[in-house]
Amino acid sequence: MIALALLLVALQWDLASGWGYKNGVLHNSIWLEQAAGVYHRESRSGKYQLTYKEAKAVCQYEGGQLATYQQMEEARKIGFHVCAAGWMAKGRVGYPIVKATFNCGFGKTGIIDYGHRLNKSERWDAYCYNPHAKECGGVLTEQKRIIKSPGYPEEYENEQICYWHIRLNYGQRVHIRFLEFDVEDDTSCLSDYLEIYDSYDDIHGLLDRYCGDELPEDVFSTGNVMTLKFLSDSSVTAGGFQIEYVAVSPPTEPDDTKQTTEMPETITYT
Ligand SMILES: *[C@@H]1O[C@H](CO)[C@@H](O)[C@H](O)[C@H]1NC(C)=O
C-alpha cells in the first residue's frame, strides 16, 4: 500500500514536471519530441515494430534520416529523453536517458547503447534526424504572434514536421485565431494535418486535428501553454496557414477598467 502511494506521488510529480507516458513510452514531454533535429518515431501499429530497413524508411518519409549516435548525444544534452530503444544510423540501437529511473536505462544516464545489431530484422523504434524540420516551429513567448506554415505564402513542402510551443505568463491564456487555412484534405486528416494541444507537449490534451480548407473556429487554452504540431507527408501539398495567437490576461481587480480582451463564456472541445 505504501509502495503504491509512493508510486502515485512519484507519478504525479512526473506529470506535473513535464514527464509522462505516451503509448507506454516514458517521454520528457517538454517540447522535446524534436531536439536539435532529433526525434523519436514508432510504427503506426505501436512500439517495437520496425526493422532496420523500415526504421530508415520512416525517417526518409519525413525528409530525414536515422540519427547518428553523436546527434543523439547532442539532443540528449539539451534534455531529449525517451524510454524506448530505437534504431540509429549504421544499425545501432539505443535510447537517450537524461533522468535515471529504476525501470528505464538501468538507473544510468547517457545513451543506453545496445550496440550495432547483427540481426537487422529485430524490431525496435526509430530515432530520426531532420535538420530541415528545425526551420519551422520553436518556443514562442511573445504576447502576440502570427504562426505560418513553412514557406508561407508559398505552398508548404512535403515531409515537414513543426512544433510550436507557446508559453505565456502564469495566469494568462492563449487565444488562437485562424486567419488562413488550407491543408491537404482527407477524411481523418492522416496525410497532412495541424494538431493543437492544450499543453506544452504533444502527449497530453489534444484538442483537435485540422485539415481541409474551411477556416476553423477560435481555440482557447485552459492554462498558459499550448502546442501546435504540423505534419506533412511525402505527397500533395496545399496553400498552408496563418494563425494568430494572442495572450488573454485575467481581469486584475473587479473595479479596473474593462479588459479589451474577453474571456470566452464556455468552450467545448470534442
Ligand atoms: C532476427 O530477429 C528476428 C526478429 O526478432 C527473429 O525472428 C529472427 O529469428 C532473428 N534471426 C536470427 C538469425 O537470429
Side-chain angles (χ1 to χ4, degrees), residues 7 10-11 14 19-30 32-133 158-161 163 188 190-193 195 201-204 206 229 231-235:
L7 180 72
L11 213 60
D14 275 348
W19 294 74
Y21 286 89
K22 181 185 187 182
N23 304 332
V25 174
L26 179 67
H27 287 253
N28 167 342
S29 56
I30 306 173
L32 292 168
E33 267 273 306
Q34 187 192 6
V38 174
Y39 57 96
H40 166 254
R41 276 285 171 272
E42 61 181 29
S43 157
R44 291 197 179 184
S45 47
K47 195 179 176 184
Y48 296 164
Q49 300 287 325
L50 303 169
T51 64
Y52 179 53
K53 201 173 153 195
E54 289 164 350
K56 267 207 250 187
V58 164
C59 296
Q60 276 164 11
Y61 179 75
E62 292 173 355
Q65 51 200 302
L66 285 169
T68 65
Y69 183 92
Q70 212 46 49
Q71 287 161 347
M72 286 278 280
E73 176 58 12
E74 290 305 312
R76 195 195 68 82
K77 281 194 207 144
I78 59 169
F80 189 56
H81 171 111
V82 183
C83 185
W87 290 104
M88 296 182 265
K90 298 190 177 145
R92 203 163 178 171
V93 168
Y95 54 102
I97 293 299
V98 174
K99 172 175 125 157
T101 59
F102 293 119
N103 49 9
C104 189
F106 315 101
K108 290 187 228 156
T109 61
I111 305 296
I112 308 298
D113 190 5
Y114 292 2
H116 296 91
R117 310 306 293 173
L118 291 176
N119 184 351
K120 304 282 194 289
S121 306
E122 288 175 358
R123 292 177 183 275
W124 306 99
D125 291 350
Y127 286 98
C128 305
Y129 175 71
N130 186 351
H132 305 302
N158 288 317
E159 301 174 335
Q160 294 297 307
I161 176 165
Y163 294 88
S188 314
L190 286 175
S191 306
D192 297 353
Y193 59 80
E195 284 180 337
D201 55 52
D202 66 332
I203 297 174
H204 308 103
L206 175 65
K229 170 179 174 179
L231 192 140
S232 65
D233 71 5
S234 60
S235 69

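Note that ligands are numbered from 1 as they come in the structure, with each ligand's atoms numbered from 1 the same way. Values below: every heavy atom of this structure, side chains too, minus hydrogens, waters and symmetry copies. Note that the numbering runs from 1 along the sequence shown for the chain. Just so it is clear, the structure is predicted and the values come from calculations on it, not from any experiment.
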Item to check | Any non-hydrogen protein atom less than 4.0 Å away from atom 14 (O) of ligand 1 | outcome: yes

Checklist entry - Which value, rounded to the nearest 0.5 Å, describes the distance between Gln70 atom CD and Met72 atom CE? => result 11.5 Å

Item to check | Residue Lys120 excluded, over 12 heavy atoms near NZ under 6.0 Å | outcome: yes

Checklist entry - Should the pair Tyr52 and Trp87 be assigned to parallel (<30°), tilted (30 to 60°) or perpendicular (>60°) ring geometry? => result tilted

Checklist entry - Would you call the rings of Phe80 and Tyr127 parallel, tilted or perpendicular if under 30° counts as parallel and over 60° as perpendicular? => result perpendicular

Checklist entry - Who's closest to atom 5 (O) of ligand 1 heavy-atom-wise, of Arg117, Glu122, Lys120? => result Glu122

Checklist entry - Heavy atoms of the protein only: does one fall short of 4.0 Å from atom 11 (N) of ligand 1? => result yes

Checklist entry - In ligand 1, which numbered atoms sit nearer than 4.0 Å to a non-hydrogen atom of Ser121? => result 4 (C)

Checklist entry - OH of Tyr193 to OG of Ser232: how many Å apart, nearest 0.5 Å? => result 10.0 Å

Item to check | Check: Asn119 N/O within less than 3.5 Å of ligand 1 N/O | outcome: yes

